[in-house]
Amino acid sequence: MTLSSSPAAPGAPLVPVLVVVGVGLIGGSFAAALRQVGQVGKVIGVGRQVASLERARDLGLIDEFLPLDQAVAQADLVLLSVPVGATEATLAALLPHLPEHAVVTDVGSTKRDVVAAARAAMGDRINQFVPGHPIAGSEQSGPDAAQTGLYQGRDVILTPLLQNTRADVEFVQLAWELCGAEVRLMTPELHDRALASVSHVPHLLAFAYMGQVIGAPDTALRLDLAGSGFRDFTRIAGGSPDMWRDIFLANHDVLLDEVAQVRGMLDMFERAIRHGDTEQLTVLLQAISSVRRNWGEAQAADTPAASRASPDAAAEV
C-alpha cells in the first residue's frame, strides 16, 4: 500500500485486506499478530491444501480462503510464505491480478535468488515487491503452530530495492513492527552471507550429523541413550526437507564458503586431538566457550521469554 496515495481513514487498520499465501507457522503468526493489535481488516488465505486452509479458518487465522487470483485482486498487502523455489512461479501467477496500490512481501530465508525471481516475474512492476525475512520459527509447521507472539522481540530483515518507494518500505516495516518485531534494513548480499553463517550452516550440520547417527548399525541404542545435548543440537534437523533443500541450493555459493571454513575449524580440533595437544585444545575450547557464554547471556537479557520459547529455525517458508 502506498500510504501517501491511499492513507488509511482515522481508526482504520493499517492493512485493510491481507492475503497470506501459505498459512502456516510464519504466515499464520503474521496474520494473528496483526489481528491481535487491530491492524488488519480481512485476512484471506491461499494454499494448496484445503484441509489446512479450513483449519486456519477454524483457528481464526484467516477469515476465508480463495484461489490465488480472486484473493490477490482484493489485496492491500500480500505475504508470500512459500518455499523460495516457488517464488517466481507464485509472483508470475499473481501479477495479472495484483492491484496497482498493493504491496507484496515475502519471508524467504535467502534474498539474492528471491530478488532475481521477483525481477523475472514482475518486470516493470518490481517496485511493488519489498523483500523480507523474519528471523523466527521452529521445527513445527502448519496453522496449528501459529503463535500470536512469535515475532515479539525478533529481528525481521528487509532488503529494499531501488525501485521501491519509501512509503511502501515503511508500510511493510510498520506491519512487522506492529507484530512486535525489530526491523533491520540491509542488502540481499549482506543478508545471504550472514544468514549462511548463523542459520543455513547450522541446519546443514544438524542434518548431516543426524544422518551419520541414523546410518550407524547401532542407531537404536544411540538414540535410546541420547540426552539433552543431542536433542538440542538435532532439533532443527526436524525442519521441512523441501524448504531446506531450496535454501541450500539457492545460497549454495556462500553456503559452501562457510562450510569450508567450518571444515577448517574441524581440522584444527582433529589435529589437536590426534596429537594429544592439550594446550592447543584448551585454547580453542576456552576461547570459543567464552564468546558463546557472553553471547548467550546477552541474548537472555535482551530477549522476552515468549520469544525464547520460539527458537530460531529460520523462516518456515
Side-chain angles (χ1 to χ4, degrees), residues 1-2 15-31 40-57 61-134 141-143 158-161 163-165 168-169 171-172 175 188 240-247 249-250 315-317:
M1 174 184 294
T2 303
V15 186
V17 178
L18 169 66
V19 173
V20 179
V21 184
V23 193
L25 169 68
I26 298 299
S29 296
F30 181 76
V40 67
K42 181 166 68 172
V43 182
I44 306 174
V46 176
R48 293 175 297 178
Q49 299 182 5
V50 173
S52 180
L53 291 168
E54 290 177 339
R55 180 59 177 161
R57 184 186 59 195
L61 300 175
I62 60 176
D63 298 300
E64 62 178 332
F65 55 89
L66 293 170
L68 181 66
D69 57 346
Q70 296 178 33
V72 168
Q74 304 179 47
D76 296 294
L77 176 64
V78 179
L79 181 76
L80 294 188
S81 186
V82 300
V84 291
T87 301
E88 184 173 346
T90 304
L91 288 173
L94 69 78
L95 186 64
H97 315 284
L98 185 68
E100 290 187 2
H101 76 277
V103 176
V104 183
T105 189
D106 78 308
V107 298
S109 294
T110 52
K111 295 272 70 81
R112 291 174 302 160
D113 62 312
V114 164
V115 170
R119 292 191 187 282
M122 301 185 74
D124 59 6
R125 296 184 67 183
I126 187 64
N127 62 291
Q128 292 180 255
F129 181 72
V130 180
H133 176 206
S141 60
L158 299 183
T159 61
L161 309 176
Q163 294 85 355
N164 294 142
T165 66
D168 285 347
V169 174
F171 172 53
V172 176
S240 165
D242 290 344
M243 180 188 76
W244 285 104
R245 175 201 62 211
D246 285 357
I247 291 172
L249 293 176
E316 291 291 334
V317 291

J.: Which heavy atom of A92 sits nearest to which heavy atom of P96, and what is that distance?
T.: O-CD, 3.4 Å
J.: Check whether any side-chain N or O of E88 sits under 3.5 Å from a backbone N or O of A120 as a donor-acceptor pair, and report yes or no.
T.: no
J.: Check whether any side-chain heavy atom of V78 lies under 4.5 Å from a side-chain heavy atom of V103, and answer yes or no.
T.: no
J.: As a quick check of understanding, evaluate side-chain contact (heavy atoms from CB on, under 4.5 Å) for V107 and L79, giving each step before the final call.
T.: CA-CA 8 Å; V107 298; L79 181 76; 3.7 Å; yes
J.: Output yes when a side-chain donor or acceptor of S240 lies under 3.5 Å from a complementary backbone atom of M243, and no otherwise.
T.: yes
J.: So, taking the atom named OG1 in T165 and the one named CZ in F171, what distance separates them when rounded to the nearest 0.5 Å?
T.: 10.5 Å
J.: Looking at every non-hydrogen atom in both residues, tell me the closest pair between H133 and S109 and how far apart they are.
T.: NE2-OG, 3.4 Å
J.: Would you mind reporting whether F65 and V43 have side-chain heavy atoms less than 4.5 Å apart?
T.: no
J.: Please report the interatomic distance CG(D124) to CZ(R119), rounded to the nearest 0.5 Å.
T.: 12.0 Å
J.: Quick one: pull up CG in L98 and CD in Q74 and give me the separation to the nearest 0.5 Å.
T.: 13.0 Å
J.: Hey, is the main chain of V84 close enough, under 3.5 Å, to the side chain of T87 for a donor-acceptor pair?
T.: yes
J.: With a 4.0 Å cut-off, would you call R125 and E100 a salt bridge?
T.: no
J.: Between the side chain of E64 and the main-chain N/O of A71, is any donor-acceptor distance below 3.5 Å?
T.: no
J.: Is N127 close to L161 at the side-chain level, that is, under 4.5 Å between some pair of heavy atoms?
T.: no
J.: Taking P83's backbone N and O only, do any of them form a donor-acceptor pair with D246's side chain (distance below 3.5 Å, no angle check)?
T.: no
J.: Just verifying a value: how many Å separate L18 CG and I44 CD1, rounded to the nearest 0.5 Å?
T.: 8.5 Å
J.: A side-chain contact here means heavy atoms from C-beta on lying under 4.5 Å apart; do L66 and V46 qualify?
T.: no
J.: Are V72 and D69 side-chain neighbours, meaning at least one heavy-atom pair lies under 4.5 Å?
T.: no
J.: Taking all non-hydrogen atoms of both residues into account, name the closest pair between L68 and A93 and its distance.
T.: CD2-CB, 3.7 Å
J.: For R55 and Q49, run side-chain contact (heavy atoms from CB on, under 4.5 Å): C-alpha distance rounded to whole Å, both residues' side-chain angles, the deciding distance at 0.1 Å, then the answer.
T.: CA-CA 10 Å; R55 180 59 177 161; Q49 299 182 5; over 6 Å; no
J.: For residues V23 and G45, report the shortest heavy-atom separation together with the two atoms involved.
T.: CG2-CA, 3.8 Å
J.: Given side chains that start at C-beta, do those of L91 and V104 come closer than 4.5 Å, heavy atoms only?
T.: yes
J.: Got a second to check how far L94's CG is from L80's CG, nearest 0.5 Å?
T.: 6.0 Å
J.: Taking side chain as C-beta onward, heavy atoms only, is P131 less than 4.5 Å from P160?
T.: no
J.: Side chains of D63 and K42: closer than 4.5 Å at any heavy-atom pair?
T.: yes
J.: Ignoring hydrogens and angles, tell me if any N or O in the side chain of T105 forms a donor-acceptor pair with the backbone of V130 under 3.5 Å.
T.: yes
J.: Specify the closest pair of heavy atoms between G27 and S81, including all atoms of both residues, with the distance to one decimal.
T.: N-OG, 3.8 Å
J.: Is there a donor-acceptor pair under 3.5 Å between the side chain of K111 and the backbone N or O of G132?
T.: yes
J.: Of all heavy-atom pairs between V20 and A31, which one has the smallest distance, and what is that distance?
T.: CG2-CB, 4.4 Å
J.: How many angstroms lie between atom OG1 of T159 and atom CZ of R112, to the nearest 0.5 angstrom?
T.: 11.5 Å
J.: side-chain contact (heavy atoms from CB on, under 4.5 Å) between L249 and W244: does it pass, once the steps are laid out?
T.: CA-CA 8 Å; L249 293 176; W244 285 104; over 6 Å; no
